[in-house]
Amino acid sequence: MKTTDATDRGGDVRLSGISKTYGSFTAVHPLDLTVPQGSFFALLGASGCGKTTTLRMIAGLEEPSTGTVHLGEQDVTALPPYKRPVNTVFQSYALFPHLDIFENVAFGLRRRGIKSVKKQVEEMLDLVQLGEQARKKPHQLSGGQQQRVAVARALINHPKVLLLDEPLGALDLKLRRQMQLELKRIQTEVGITFVHVTHDQEEAMTMADTVAVMNGGRVEQLGAPADLYENPQTTFVANFLGTSNLIEAEVDARSGDDIVVKAAGDKLILPGGRSSAPATTGGKVLVGVRPEKIGLAHADEAGSIPEGRNRIAGKIVNTSFIGVSTQYVVDCAACPEFEVYVQNIDRDPRLVPGADVVLHWNPAHTFGLDAAQDIDAGVAEEEAA
Ligand SMILES: Nc1ncnc2c1ncn2[C@@H]1O[C@H](COP(=O)(O)OP(=O)(O)OP(=O)(O)O)[C@@H](O)[C@H]1O
Ligand SMILES: [Mg+2]
């Protein structure tokens, strides 16, 4: 079921220079952002970074201090919320407790004076797989089911854009995961633009076509999940999205397209095309590599590591077995807490705390960042979330 006309491109959400200040505090700095019609778009960031404020400006619930909001060709900046083709689902989905599920979903239609609601409501309930629960009251449903009712109640108004502000925040982890897939399925099925606010990076990456990573009222980087993960442009994005090992290094030389860097005596190769930092010889650069890209060899096996791989020696300080993988923390001269995730296939019993090891990885998996940034940006935020 498509509730939008695929040929109608009038649904892009375009924010031009919108900002929000409260007194002398800037919650959102002037922001330019286009959310293509029909996409699943996530605003991701730590608490207080301006996600809800941005969403509320799209909904019309918050007046921008500067800038405009367009929906397709239409400038909706001055329109009140109820005149915008936009609906919002909040974390507290606030269903009407005295109405059954059917009537909760029918509410928007009845308010508009539509009499024959049965077919549309049933379609919506099928979409969110609650056809069987139509005559129950909200308190008789699980958190995830109630959340789906809230989505159905918003979608029945055929908005061009559905705004979701931490809609899964109240659910436990397992249900959250289920609902992430469910929401994604619903979005694909109806084809409506979803703008989803979350502070959970895994949630954003699972669901969204495009993720905008926000930090301190600004979008730091915007892209497809895999692109953000593999090619972070700032230390904040590198640390906030998953885990990155960041090493302080010095540019030693150029070798063709590669940059040769030195980190605590080790020479590492950084592909020139993967560095967002200037690579002047003698200059500083932060070299990054993701934990799952790294191989871990006991020091006795170092000779069997293929040529051409980046390698660093260290000592295991901690291991945690988490089923699909084992996570190691390795103390290296260049990086005291190097994280390595190894899939559990053939576990080398010698890889225990205290063991001398060599970390090695394909140089192509190395990225470079500007060393003028805080190397720990985004780390504490993620732990606090
Ligand atoms: N009405 C207001 N008056 C003053 N400051 C406000 C107001 N609303 C929001 N702020 C501030 O603006 C900043 C951004 O708030 P916002 O609600 O957009 O954050 P958020 O990214 O949604 O955070 P969270 O993940 O905690 O919901 C915060 O520092 C907040 O304290
Ligand atoms: Mg918020």
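Just so it is clear, the values below take in all heavy atoms, side chains as well, and ignore hydrogens, waters and symmetry mates. All residue numbers in this chain count up from 1 along the given sequence. Ligands are counted one by one from 1 in listed order, and the atoms in each one are counted from 1 as well. For clarity, every value in this text was computed on a predicted model and none was experimentally measured.
- Within 4.0 Å of ligand 1, counting heavy atoms only, the contacting residues are Tyr22, Phe25, Ala27, Ala46, Ser47, Gly48, Cys49, Gly50, Lys51, Thr52, Thr53.
- Salt-bridge check for Arg135 with Asp100: passed, with a basic side-chain N closer than 4.0 Å to an acidic carboxylate O.
- Among residues at least two apart or in separate chains, side-chain hydrogen bond (donor to acceptor under 3.5 Å, both in side chains) pairs with a member in residues 25-35 are His29-Arg218.
- For residues 252-262, the pairs satisfying side-chain hydrogen bond (donor to acceptor under 3.5 Å, both in side chains) are Asp252-Lys267, with sequence neighbours left out.
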Item to check | Working for side-chain contact (heavy atoms from CB on, under 4.5 Å), residues Glu203 and Glu166 | outcome: CA-CA 10 Å; Glu203 178 166 306; Glu166 304 263 5; 5.5 Å; no
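- Once rounded to the nearest 0.5 Å, the distance linking CG of Leu61 with CZ of Phe90 reads 5.5 Å.
- We find that Glu202 and Arg176 are not joined by a salt bridge, their nearest charged nitrogen and carboxylate oxygen being 4.0 Å or further apart.
- Remark: Lys174 does not engage Asp172 in a salt bridge, criterion side-chain N to carboxylate O under 4.0 Å.
- Protein N/O/S atoms found under 2.8 Å from the Mg ion (ligand 2): Thr52 OG1.
- The only option from Val357, Ile316, Val289, Val329 that meets the side-chain contact (heavy atoms from CB on, under 4.5 Å) definition with Phe338 turns out to be Val289.
- Residues Val149 and Pro138 fail the side-chain proximity criterion, which asks for heavy atoms closer than 4.5 Å.
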